[in-house]
Amino acid sequence: MSTRPRISARISAISESATLAVDAKAKAMKAAGRPVIGFGAGEPDFPTPGYIVEAAVQAAREPRFHKYTPAGGLPELKQAIAAKTRRDSGYAVEASQVLVTNGGKQAVYEAFATLLDPGDEVLVVAPYWTTYPEAIKLAGGVQVDVVTDETTGYLATVEQLEAARTERTKVLLFVSPSNPTGAVYSREQTVAIGRWAAEHGLWVVTDEIYEHLVYGGAEFTSIATAVPELGDRVVILNGVAKTYAMTGWRVGWLIGPSDVVKAATNLQSHATSNVSNVAQMAALAAVTGDLSAVAEMRTAFDRRRQTIVRMLNEIPGVLCPEPKGAFYAYPSVKELIGKELRGRRPQSSGELAELILEEAEVAVVPGEAFGTPGYFRLSYALGDDDLVEGVSRLGKLLAEAR
Ligand SMILES: Cc1ncc(COP(=O)(O)O)c(C=O)c1O
């Protein structure tokens with residue numbers, strides 16, 4: 001019998017997606033009849049707008065879409081993504097610089113696989129979205145955390161980034177608005193960080209998937225546009241999931257210099273080939289249409305954002321800075337760790353989240369999933385009534401902590 005491990009070391013090292021795990025557990029409890037309220041899912045609770053669905057139905061009827069199409073994306077969609085990028089962030093790109101991917105997630109994997117050699121370091125601001133570390137690791141890269149906290153609204157400074165830079169640093173990952181914190185960098189902060197990266201010859205991989213979800217006075221700034229000095233060392237990741245409530249359709253994209261896009265397209269041509277043509281045609285309707293659907297969602301999210309922040313901050317031991325974008329609140333619960341609650345003494349935010357799911361039937365994702373224990377992530381992309389009920393239950397339970 002072979003003693004070799006059944007699963008490769010590379011793949012064994014990948015952890016389960018904690019956000020999907022929390023969501024699955026909450027859904028299973030719900031299916032078993034328990035009235036669970038889930039703050040775990042990172043997806044809008046709205047259906048995809050009708051005109052987008054209609055475009056997909058029509059595409060499904062067209063025999064040309066029943067066949068393979070170019071691995072890098074339908075030419076008309078690549079063209080439309082280039083035009084949309086010029087429209088929304090003022091960044092000039094050609095269709096040849098666009099690769100259409102199976103969701104933003106595949107764009108994340110392909111960007112790091114294309115840029116990183118073993119040992120290359122990537123600066124990642126923590127708290128970070130759970131997928132980045134796995135994509136970096138799989139590519140052989142080394143993640144270097146730049147840890148932020150609630151006292152600065154989870155924003156990193158040039159000084160912090162510079163302290164983490166070494167001669168092995170190749171990439172800065174820049175995410176604004178951020179998942180999980182909702183932090184949004186101002187134009188000035190973005191320019192300062194971009195110029196610092198350019199000065200040191202770093203690549204910037206920037207995830208712009210929440211570009212249209214900013215609130216109050218906050219503004220989205222594309223680092224690619226704001227810092228032309230970055231030249232051909234910028235890779236933009238984006239997709240239709242969050243803007244058009246299209247998480248299940250699986251269409252994202254990567255924009256970059258032509259050598260990077262060509263190499264990433266080669267990878268995709270062997271891994272997955274073209275994204276489903278039906279989904280691509282739906283995405284074409286989305287990106288060529290107007291932004292009224294996202295404007296409506298933004299109004300609802302903004303209302304829920306204000307409610308959740310207010311209610312969370314009313315709970316003793318919970319401290320929630322105001323998120324300026326995306327649809328997540330990221331409160332600190334550090335004061336509650338180690339306190340007695342319903343006969344138990346949770347020693348981590350992970351244990352506290354488990355206790356909350358069991359005792360209050362409320363699902364939140366613990367900060368361990370995002371590289372910073374001591375916090376919770378709550379998505380406010382759920383109905384207003386559920387949101388109020390869920391945070392009320394949380395407040396009632398946590399008020400018992402001694
Ligand atoms: C920051 C960020 N980037 C990318 C994605 C990927 O989205 P999708 O693969 O659904 O397009 C997500 C989804 O949660 C995200 O939060």
Side-chain angles (χ1 to χ4, degrees), residues 41-70 72-91 93-95 97-107 177 179 207-215 220 222 236-255 272-305 325-327 379-384:
E43 60 182 346
D45 58 322
F46 300 94
T48 303
Y51 64 94
I52 297 176
V53 177
E54 216 36 61
V57 171
Q58 275 182 27
R61 293 206 172 96
E62 274 196 50
R64 74 184 166 112
F65 292 132
H66 302 170
K67 307 289 184 196
Y68 290 129
T69 53
L74 292 170
E76 57 268 50
L77 179 57
K78 289 173 33 165
Q79 200 78 50
I81 290 168
K84 166 251 166 286
T85 306
R86 279 194 291 274
R87 176 194 70 185
D88 295 346
S89 45
Y91 190 58
V93 283
E94 302 300 326
Q97 291 175 262
V98 178
L99 166 60
V100 180
T101 58
N102 277 280
K105 259 184 191 168
Q106 191 179 22
N179 172 7
D207 187 335
E208 302 191 340
I209 206 152
Y210 293 102
E211 65 181 327
H212 291 295
L213 294 174
V214 287
Y215 313 103
F220 164 72
S222 173
I236 299 174
L237 313 175
N238 206 333
V240 292
K242 318 288 175 172
T243 303
Y244 304 98
M246 290 179 72
T247 45
W249 296 80
R250 311 310 304 139
V251 183
W253 55 86
L254 174 160
I255 291 174
T272 55
S273 298
N274 63 278
V275 174
S276 155
N277 295 319
V278 169
Q280 287 196 70
M281 289 306 284
L284 180 63
V287 298
T288 53
D290 64 21
L291 294 166
S292 53
V294 68
E296 261 176 55
M297 284 199 299
R298 189 169 50 231
T299 304
F301 289 152
D302 191 14
R303 184 179 64 238
R304 298 168 189 175
R305 174 183 75 106
F327 39 63
S379 161
Y380 49 85
L382 77 173
D384 297 69

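In what follows, every heavy atom counts, from backbone to side chain, and hydrogens, waters and symmetry copies are set aside. Just so it is clear, the structure is predicted and the values come from calculations on it, not from any experiment.
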Passes side chain to side chain contact (heavy atoms under 4.5 Å, CB included), Val294 versus Phe301? Steps please. CA-CA 10 Å; Val294 68; Phe301 289 152; over 6 Å; no
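- Here the side chains of Val251 and Tyr244 are not in contact, with every heavy-atom distance at 4.5 Å or above.
- With a 4.5 Å cut-off on side-chain heavy atoms, Arg304 and Phe327 do not count as touching.
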Lys78/Ile81 under side chain to side chain contact (heavy atoms under 4.5 Å, CB included): CA gap, chis, key distance, verdict: CA-CA 5 Å; Lys78 289 173 33 165; Ile81 290 168; 5.6 Å; no
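- For Glu62, the CD atom sits in a packed shell: over 12 heavy atoms of surrounding residues, nucleotides or ligands are nearer than 6.0 Å.
- Residues Ser292 and Asp290 approach most closely at OG-OD1, 2.8 Å, considering heavy atoms.
- Here the shortest heavy-atom pairing between Met246 and Ala286 reads SD-CB, 4.0 Å.
- Using a distance-only test at 3.5 Å, with no hydrogens or angles considered, no donor-acceptor pair links the side chain of His66 to the main chain of Arg61.
- Side-chain contact between Arg64 and Asn277 is absent, with no heavy atoms from C-beta onward closer than 4.5 Å.
- Ser379 places a side-chain N or O within donor-acceptor distance of the main-chain N or O of Ala41, the cut-off being under 3.5 Å.
- Nearest heavy-atom pair, Pro44 versus Ala381, reported as atom, atom and distance to 0.1 Å: CA-CB, 3.9 Å.
- A 6.0 Å sphere centred on CD of Glu94 holds no more than 12 heavy atoms belonging to other residues, nucleotides or ligands.
- Under 3.5 Å, the side chains of Gln106 and Thr272 contain a donor-acceptor pair of N or O atoms.
- Rounding to the nearest 0.5 angstrom, the gap separating the NZ atom in Lys242 from the CG atom in Leu213 is 9.5 Å.
- Proximity of a side-chain donor or acceptor of Asn274 to a complementary backbone N or O of Thr69 within less than 3.5 Å is detected.
- Side-chain contact between Leu237 and Ile209 is absent, with no heavy-atom pair separated by less than 4.5 Å.
- Glu208 and Ser222 share a side-chain donor-acceptor pair at under 3.5 Å.
- Distance NE2/His212 to CG/Asn238: 7.5 Å, rounded to 0.5 Å.
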Please step through side chain to side chain contact (heavy atoms under 4.5 Å, CB included) for the pair Arg250 and Val275, ending with a clear verdict. CA-CA 8 Å; Arg250 311 310 304 139; Val275 174; 5.6 Å; no
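- For the residue pair Trp253 and Ala107, the shortest heavy atom distance occurs at O-CB, 3.6 Å.
- The backbone N or O of Thr247 sits nowhere less than 3.5 Å from a side-chain atom of Glu43 that would complete a donor-acceptor pair.
- Residues Pro177 and Ala326 come closest through the heavy atom pair CB-N, 3.7 Å.
- With rounding to the nearest 0.5 angstrom, the NZ atom of Lys84 is 13.5 Å from the CG atom of Leu284.
- In this structure, Leu291 CG and Met297 CE are separated by 10.0 Å, a value rounded to the nearest 0.5 Å.
- Between Tyr210 and Phe220, the ring center distance fails the sub-6.0 Å criterion.
- Closest non-hydrogen pair, Thr48 versus Ala245, comes out as OG1-O, 2.7 Å.
- Between Thr85 and Gln97 the shortest side-chain heavy-atom distance does not fall below 4.5 Å.
- Atom OH of residue Tyr215 and atom CZ of residue Arg305 lie 7.5 Å apart, to the nearest 0.5 angstrom.
- In terms of modelled atom types and a separation under 3.5 Å, the side chain of Tyr380 and the main chain of Asp302 share no donor-acceptor contact.
- Annotation: the span from Leu74 atom CG to Gln280 atom CD amounts to 4.0 Å, rounded to 0.5 Å.
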